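The block underneath contains the structure these notes are about, expressed in structure tokens.
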Amino acid sequence: MKTAAGPTLAEIQAARGRVHGLARETPVYSSETLGRRSGRPVFLKAENLQRTGSFKIRGAVNKLATMTDEERAAGVVTASAGNHGQAVALAAREAGVAATVFMPLDAPMAKVDATRSYGAEVLLSGEGFDEAQGAAHEREAAGATFVHAFEDEAVVAGQGTLGLELAEQLGDVEALVVPIGGGGLASGIALALRELRPEIHLVGVQAANCAPFVGLEPSGITIADGIAVKQPGELTKRILADRLDGIVTVTDAEIADAIVLLLERVKLVVEGAGAASVAALLTGKVEGDGPVCALLSGGNIDASLLVEVARHGLTRASRFLVLRTRISDRPGALAALLARIAERRVNVVSVDHHREGMDLPVTGTAVELTLSTRDEEHCDELLGFLAEWGYEAERVR
């Protein structure tokens, strides 16, 4: 029997049978690097390796499998920041159902192209998920069946199959950290684990720029676009209010650090929303010191964004040093400076001259150098050498 707070465990177990074959059972890895940095054993549920690159395929498949023949014949329509759209597109293609997906104008091209590649009609509309959803509801009024990303018991039950897997895969863990956007993923997992593993502490994570579950007003864009949902559903709010142990927030800078660390040390490509759980661990926002599992909910990050995030993260980790100094505007002056830097085994990434708009001698010029460094100690060491060589250097970043 259904409850007022969402699907039952039996319905989630039935959903597992429906999604089997299209959705993968994704692995759980341990990470010594993350464990050392967070001060506790860390495991990673790699849902970024799922079909379509995120957990969303689970809910989409279950929803289409429970629709009537008449509903399928009318086609489906949905709104998505990217991952849900890809999942609906693939699930619809496999079921022989026509699908239309409305996505925000600034949705990552990797997600737009992937959704089209699965056979859906993609229409770009609005600045964010909520605006795209409004456009999708207009198409629904014309007769198509709307597949909501989270405010649907069949979708929540599908996402709950992840909870069934975790109940079997996790050993003696103290806590599970789950990213929250609209709340469908966290709701499904919470419904399953509260029945099967009630001892596990369930912690949700939201992006600080869009965290309605903790009462924060949206305050700008976020690189965690997959969880940038301004208005969570009534269904998911009811479920999580009753079953979640707490919710924390992480900044974009913290998410970027987590993305870079996962890429460089764990060898996993994870999008902003998927890295939010690791960001919460690395910043000490999840209470306890026992074993913990972070759910990597998706890996669909746009290549251009990944480059920007990597640069930002490496700069924050002092792997890049940007400085400004002055030299004589004479042949050989810049070469002499660069030669000395090269002697310290430092690679020059870029050089920019600044002659206008600055208080400089008539025969002088300012140069801004971006240098590849090892760590903060290496940065300080190089700045010290520049002072010894007679260069007044201002650290920019």
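In what follows, every heavy atom counts, from backbone to side chain, and hydrogens, waters and symmetry copies are set aside. Predicted, not measured: the structure shown is a model, and the values here were computed from it.
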Is there a donor-acceptor pair closer than 3.5 Å between any side-chain N or O of Asn300 and the backbone N or O of Thr52?
yes

Taken in chain and number order and not counting sequence neighbours, the residues that satisfy side chain to side chain contact (heavy atoms under 4.5 Å, CB included) with Thr145 are Met67, Glu71, Val76

Check: Asn48 and Leu268 side chains under 4.5 Å, non-hydrogen atoms
yes

Glu377: what forms a side chain to side chain donor-acceptor pair (under 3.5 Å) with it, not counting sequence neighbours?
none

Considering the options Arg51, Gln50, Glu47, which one meets the side-chain hydrogen bond (donor to acceptor under 3.5 Å, both in side chains) requirement together with Thr26?
Glu47

Residues Arg340, Glu343: salt bridge by 4.0 Å N-O rule:
no

Under 3.5 Å, side chain of Thr236 to main-chain N/O of Gly182, donor-acceptor pair present?
yes

Pairs where residues 277-298 contributes a residue and the test side-chain hydrogen bond (donor to acceptor under 3.5 Å, both in side chains) is met, not counting sequence neighbours
Glu254-Lys285

Testing the basics here: between Ala92 and Leu64, what is the closest heavy-atom pair and its distance to 0.1 Å?
CA-CD2, 3.4 Å

Can you see whether Gln86 engages Thr115 through a side-chain donor-acceptor pair at a distance of less than 3.5 angstrom?
no

Any donor-acceptor pair under 3.5 Å from Asn83 side chain to Ser54 backbone:
no

Please check if the side chain of Gln206 supplies one atom and the backbone of Phe213 the other of a donor-acceptor pair under 3.5 Å.
yes

Only one of Gln13, Arg18, Arg58 clears side-chain contact (heavy atoms from CB on, under 4.5 Å) with Thr161; which?
Arg58

Parallel, tilted or perpendicular for Trp389 and Phe385, by the 30°/60° rule?
parallel

Who pairs with Arg395 by side chain to side chain contact (heavy atoms under 4.5 Å, CB included), at least two apart in sequence or on another chain?
Ser318, Leu321, Glu376, Cys379, Asp380, Leu383

Is the shortest side-chain N to carboxylate O distance from Arg40 to Glu174 below 4.0 Å?
yes

Under the side chain to side chain contact (heavy atoms under 4.5 Å, CB included) test, residues paired with Glu25 that sit two or more places apart:
Arg16, Glu165, Gln169

Write out all pairs satisfying salt bridge (Lys or Arg N to Asp or Glu O under 4.0 Å) with one or both partners inside residues 265-281, taking only residues at least two apart or from two chains.
Lys111-Glu271

Can we say Arg319 and Asp375 salt-bridge, meaning some charged N sits less than 4.0 Å from an Asp/Glu carboxylate O?
no

Should Thr249 and Val214 count as side-chain neighbours, where that means a heavy-atom distance under 4.5 Å?
yes

Indicate yes or no for a side-chain donor-acceptor contact from Arg93 to the backbone of Gly119 under 3.5 Å, with no hydrogens or angles considered.
no

State plainly whether the residues Glu32 and Arg36 are in salt-bridge range, i.e. N to O under 4.0 Å.
yes

Side chain of Asp252, backbone of Ile223: donor and acceptor closer than 3.5 Å?
yes

With no hydrogens and no angle check, is any side-chain donor or acceptor of His148 less than 3.5 Å from a backbone partner on Ala79?
no

Name the one of Leu185, Leu240, Val205 that satisfies side-chain contact (heavy atoms from CB on, under 4.5 Å) with Ile180?
Leu240

Could you check whether any side-chain N or O of Thr78 sits under 3.5 Å from a backbone N or O of Val147, counting only pairs where one atom can act as donor and the other as acceptor?
yes

Kindly say whether Ala114 contributes a backbone atom to a donor-acceptor pair with the side chain of Ser117 at under 3.5 angstrom?
yes

Is it the case that atom CD in Glu199 sees more than 12 heavy atoms from other parts of the structure closer than 6.0 Å?
yes

